[in-house]
Structures are given as structure tokens and as C-alpha cells.
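Quick note on labels: first sequence line is chain A, next is B, and so on, each numbered from 1. These values consider heavy atoms only, across backbone and side chains, with no hydrogens, waters or symmetry-generated copies.
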Amino acid sequence: MPQAGPVVTYSGHQYLRQRLALSILSGKPARIDKIRSEDKNPGLRDYEVSLLRLLEKVTNGTSIEISVTGTTILLIPGIISGGPVTHDCPLSRSVGYFLEPLIMLAPFSKKPLQLTLRGITTDDNDLSVDLIRTVTLPHLQLFGVSDGLELRIRKRGAPPEGGGEIQFLCPVVKQVKTLNFVEPGKIKRIRGIAHAVRVSPQFSNRMIDSSRSVLNRYIPDIYLYSDVYKGDESGKSPGYALSLLAESTTSAIHCSEAVSQPGGTPEDVALLASRALLSEIRWGGCVDRRHQNLVLLMMVLGSEDVGRCRMAEPTARTIQFLRDVKSFFGTSFKIVSANPSDSSCTELLYSCYGIGYVNVNRTLA
Amino acid sequence: YMERNRRRRTKDWMSLIYSTSVTPHQIISGNEVDAPDDDFTDLDDFFRLKKTAHSYDDDLDMTKEVLSPDNLQEWEDEEMLESLRSMFITGYPSVPAGEVVEPND
């Protein structure tokens with residue numbers, strides 16, 4: 001097998017998704033070993049194998065070697081081809097798990113990606129399709145990926161049986177714009193989506209009422225939408241969830257979400273989501289904490305200019321992501337306090353010089 | 001209280017991230033900040049490595065953080081709720097308006 005350039009090597013199953021995405025974007029092969037090698041059940045999980053298969057589908061010429069025990073993989077990336085792709089996600093993870101790395105890749109594919117995913121649409125671990133639609137996609141639009149960017153929720157699917165279906169449409173760009181986002185602004189509106197499938201539709205309204213009791217004190221512009229899915233569109237399992245987002249005067253978005261627990265009440269879910277939103281707002285910055293990685297990645301790939309963004313402190317994922325970005329692209333960020341004169345300021349200013357990543361696949365088309 | 005703890009210490013994020021091998025979780029929790037480089041003289045290090053490897057077994061690659069109702073209890077406090085008002089357009093800025101504008105550096 002021809003080896004293109006140096007292989008970036010990692011150990012452990014953690015942060016697998018971001019490393020695979022970075023490998024494909026940078027074109028550098030990645031070897032990941034010791035994947036749960038000390039576990040009673042060693043090797044890749046079904047959803048990780050499924051993700052690798054999905055990456056094979058959206059790329060062309062990608063070679064993925066998995067060792068017999070499943071504890072080592074070698075990814076030699078090909079080009080991102082895009083086009084229509086359909087994938088059935090295993091029920092161990094929600095579609096968000098698969099969608100998040102693909103959102104990083106999709107703008108740089110050869111043909112616009114039309115991705116259909118089936119499985120669980122909302123769960124506790126990954127961003128739900130609602131948050132991806134209302135929060136992740138606007139974050140992508142900051143970088144000039146906008147025309148034709150869409151996420152359609154055809155069917156919802158709650159865990160454990162799933163049965164949901166979504167379609168993600170992403171346009172192709174030549175290059176992403178440089179970001180300069182340092183003014184967080186003030187929060188001017190709160191939006192939310194409450195959905196309840198295979199349970200009483202009244203649950204949505206109970207969540208909305210309960211959430212309003214917490215949030216109404218701040219601003220009047222609160223609109224919480226009760227999203228109704230019926231019959232076949234509501235998946236195979238009962239469940240309900242509330243996702244909330246707060247938008248500022250400068251279009252900075254912060255979000256939160258809570259999902260139904262067995263034995264819990266809609267009021268519990270709503271309180272959890274509302275309070276988590278307040279915590280998120282307190283973190284400050286221009287970018288939601290769960291979207292730090294996406295924004296930082298696009299800043300690195302941006303045109304050859306200095307991109308700047310004000311954000312909260314990095315999460316553990318972000319710290320590892322910054323290190324991984326350095327090993328794949330050689331780019332490190334300058335991270336300084338957003339307000340050096342105020343020692344209590346926890347917000348940070350991230351800046352980097354974009355590498356001017358050009359979508360070469362597109363010019364071939 | 002976690003917030004207070006964070007505010008007390010200003011971290012040098014760049015050197016923590018790029019020039020040390022401290023795990024991300026240690027950086028967040030603020031442990032091991034005093035010993036940026038692997039401390040080989042510390043015998044406990046040996047056991048700790050094993051322990052962390054073990055605790056990561058059930059650590060999923062997940063984007064959302066686990067919401068803990070206990071940590072969010074702080075929002076039952078009226079003062080806490082009011083303290084956030086300055087983040088909204090309806091609230092008055094808690095600092096003089098001149099300071100809100102970021103200096104361009």
C-alpha cells in the first residue's frame with residue numbers, strides 16, 4: 001500500500017472522530033492503536049466500525065485497515081467525493097455521532113453531499129438533530145457555507161429502538177472565509193424545540209410551560225415550538241426532549257438540551273435544559289462550547305489571514321482537538337485572555353493564521 | 001463554587017496545551033498544573049497512569065456533557081439568576097459601558 005507522507009499515530013479509542021476527520025481533510029494517514037486493548041471487550045465498537053464504513057462511502061480511494069483484534073486501525077485517506085449517500089446507523093449511538101465529523105468534511109467534497117442517515121435522532125451523548133439544525137449549521141454559515149445547507153428531519157427516533165431518518169444537504173465551497181468574531185453581544189431571543197414521540201403530545205406543552213417559568217424573567221422574546229411527529233414519523237420508541245438556544249445581538253448562539261429519562265417527568269427535563277442554558281450563557285463567548293471544535297477547525301482551514309474568535313475556556317475535547325490540529329496541520333492557536341485588564345474574565349481570544357485550505361476536489365469536477 | 005475556583009487562577013492556556021503532556025481532563029480540573037512535565041521521580045505516577053487508563057474505559061467519544069441536576073441546583077438561587085441579567089438586552093450592563101467594548105489587540 002503506498003504511504004502518502006508521514007503517518008500520524010495515536011493510542012486509544014478517545015477522540016476517534018476528530019482524528020479521522022482531520023486525517024481525511026489533511027490527507028495524512030492516521031494510525032490509531034491500543035483501541036481498548038486493556039478492555040474486557042477489546043477493539044472497536046460497532047458504531048466506530050459503522051463510522052469508518054460511512055467515511056468510506058463519502059470518500060473515494062480511502063483505505064481503512066483494521067487489525068484482526070480490532071485494536072489498531074490504519075486510515076489512508078482518499079478524496080472526499082460527497083454525492084448521495086445513505087447510511088443506517090447502529091442503535092448504540094445517535095445520528096449526531098455520525099453527523100458531527102461529516103459536517104467538518106462535507107463542505108470540501110467533490111460533489112454536494114446529500115446524506116441520509118437512519119437511526120436514533122436524539123440521545124444523551126451527542127448533539128441531537130434539532131441542535132445540529134438550529135445551532136451547528138448557523139456556526140458553519142459564519143464561514144460562508146450557506147446556500148443549500150439544510151438538515152431535514154423526516155422521522156424522529158428515540159432510543160432504544162430509533163427509527164428516525166434525517167437528510168443532510170451541504171453545498172461545496174472552494175474555500176472557507178476567515179472568521180473575525182469577537183463581540184459576543186447581548187442575548188436578544190431564546191428559541192426552543194420541544195418534541196414528544198409515542199407519548200402524550202401534552203408532554204411538549206408541559207416542557208414548554210416549565211421552561212418558560214425559568215427563562216421568562218430575562219427576556220420576553222421566547223418562542224418555544226412544539227414539534228409534533230405522528231404515526232410512522234415518530235419512530236419506534238417513546239421519548240421526549242427539549243432543546244433550547246439563546247441568540248445574541250451579534251448572532252452568537254448558545255444552546256442546551258435535555259432528554260427524557262425513564263421515570264422522569266417533562267418538568268424535570270425542561271428544568272434541566274433551561275438551567276443548562278443559563279450555565280452555557282454564563283460561560284460567555286461568541287461560540288457555543290460544544291461547537292468550539294468546528295469553529296476552530298474552520299478557522300484553521302480559512303484563507304491565509306488571521307482569524308479571531310472570542311470563546312469560553314476550552315473543554316477537554318477542545319484541548320485535545322487543538323493538539324490534534326497541530327499534529328495534522330502544524331497550526332497552533334494564540335490563546336489570550338479576552339480582557340487582559342480584568343483578571344476575573346474567563347473568556348479567551350483564540351486567533352490563528354489560516355492555512356488557506358483550498359478544496360482541490362471541487363476544481364477537478 | 002466551581003466558577004469561583006476557575007476565576008481565581010488565570011491559566012496559561014497556550015503553554016498548557018502545546019508544551020505539556022498533561023491530559024485535557026487534568027488541565028480542566030486544574031490538577032497537575034504545577035508539574036507540567038511528566039514527573040518521573042513520583043512513583044505514584046505509575047499507578048495513576050493505570051488508574052486513568054481504567055477510568056477511561058467507559059469514557060465515550062461524546063459531544064454533550066452529562067447534565068447533572070446537582071450542579072444545576074445553583075440556578076434555584078435568586079441572586080444567581082439575577083447575576084446573569086447583564087448578559088441579556090433587557091439587563092443593564094454590570095460594568096460601565098465603555099469597558100464592554102473590547103480593545104483590539
Side-chain angles (χ1 to χ4, degrees), chain A residues 12-17 36 38-39 96-97 100 124-127 182-183 186-188 214 217-220 249 256-258 268 271-272 274-276 278-279 281-282 284 290 310 313-320 322-323 326 332-344 346 348-349, chain B residues 3-4 6-19 21-29 50 53-54 56-69 71-76 78 80-91 93 95 99-105:
Chain A
H13 67 282
Q14 287 192 288
Y15 312 108
L16 179 74
R17 290 184 291 171
R36 299 191 186 87
E38 312 225 328
D39 199 279
Y97 175 85
E100 288 167 31
D124 268 333
N125 297 327
D126 296 289
L127 295 176
V182 293
E183 202 51 67
K186 301 251 180 220
I187 288 160
K188 62 173 182 182
V214 178
R217 62 187 296 141
Y218 294 112
I219 41 174
T249 46
S256 75
E257 182 170 57
D268 294 340
L271 273 183
L272 212 54
S274 311
R275 287 176 173 165
L278 297 180
S279 296
I281 291 170
R282 189 180 55 190
R290 292 170 206 83
R310 180 172 168 154
E313 292 179 359
T315 62
R317 289 171 58 78
T318 306
I319 290 171
Q320 189 58 49
L322 288 167
R323 289 176 173 172
K326 196 174 181 209
S332 42
F333 278 80
K334 185 177 171 217
I335 303 165
V336 293
S337 171
N339 191 355
S341 57
D342 177 9
S343 62
S344 67
T346 58
L348 302 165
L349 192 64
Chain B
E3 179 86 348
R4 307 268 180 285
R6 265 197 302 272
R7 294 213 161 158
R8 220 176 336 113
R9 184 174 38 234
T10 316
K11 290 176 188 164
D12 183 358
W13 289 98
M14 280 171 74
S15 64
L16 274 174
I17 293 171
Y18 291 121
S19 348
S21 51
V22 184
T23 67
H25 290 280
Q26 285 171 335
I27 295 181
I28 296 294
S29 60
K50 200 72 185 166
H54 181 75
Y56 283 177
D57 280 352
D58 46 10
D59 188 359
L60 289 165
D61 183 7
M62 55 194 253
T63 308
K64 283 198 276 190
E65 287 165 356
V66 179
L67 296 177
S68 115
N71 280 350
L72 294 171
Q73 287 272 312
E74 57 181 2
W75 294 112
E76 280 175 19
E78 188 69 19
M80 203 70 185
L81 288 164
E82 277 306 310
S83 70
L84 205 62
R85 195 173 280 281
S86 62
M87 307 287 274
F88 291 84
I89 45 170
T90 49
V95 282
E99 269 182 56
V100 179
V101 182
E102 278 306 305
N104 283 356
D105 55 321

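- Heavy-atom distances place the backbone of A:Asp124, and not its side chain, under 4.5 Å from chain B.
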Query raised in the report: Between A:Gln14 and B:Thr23, does a side-chain contact (heavy atoms from CB on, under 4.5 Å) hold up when you go through it step by step?
Result: CA-CA 12 Å; A:Gln14 287 192 288; B:Thr23 67; over 6 Å; no
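- With a 4.5 angstrom heavy-atom cutoff, A:Ser332 touches chain B via backbone and side-chain atoms both.
- Contacts of A:Arg317 with chain B are made by side-chain atoms alone, with heavy-atom separations under 4.5 Å and no backbone atom involved.
- Taking the ring pair (Phe, Tyr, Trp, His ring centres under 6.0 Å) definition, one finds that A:Tyr218 meets it with B:Phe88, sequence neighbours left out.
- With a 4.5 Å cut-off on non-hydrogen atoms, A:Thr315 touches chain B through its backbone and its side chain both.
- Contacts of A:Phe333 classified as ring pair (Phe, Tyr, Trp, His ring centres under 6.0 Å), with partners at least two apart in sequence or in another chain: none.
- In this structure, A:Arg275 pairs ionically with B:Glu76, as a charged nitrogen and a carboxylate oxygen lie closer than 4.0 Å.
- For A:Pro314, the parts sitting under 4.5 Å from any heavy atom of chain B are the backbone and the side chain alike.
- Heavy atoms of A:Lys188 lying under 4.5 Å from chain B belong to its backbone as well as its side chain.
- In this structure, B:Glu82 pairs ionically with A:Arg217, as a charged nitrogen and a carboxylate oxygen lie closer than 4.0 Å.
- Only the side chain of A:Leu348 comes within contact range of chain B, with at least one heavy atom under 4.5 Å from a heavy atom of that chain.
- Proximity to chain B involves both the backbone and the side chain of A:Gln320, based on heavy atoms less than 4.5 angstrom apart.
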Query - Residues A:Glu257, A:Arg290; criterion salt bridge (charged side-chain N to carboxylate O under 4.0 Å, His left out); working and verdict - result: CA-CA 11 Å; A:Glu257 182 170 57; A:Arg290 292 170 206 83; over 6 Å; no
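- Chosen from A:Ala276, A:Pro220, A:Gly284, A:Ser279, the residue pairing most often with chain B at heavy-atom distances under 4.5 Å is A:Ser279.
- Of the possible donor and acceptor atoms, one in the side chain of A:Arg323 sits under 3.5 Å from a partner among the backbone N and O of B:Ile17.
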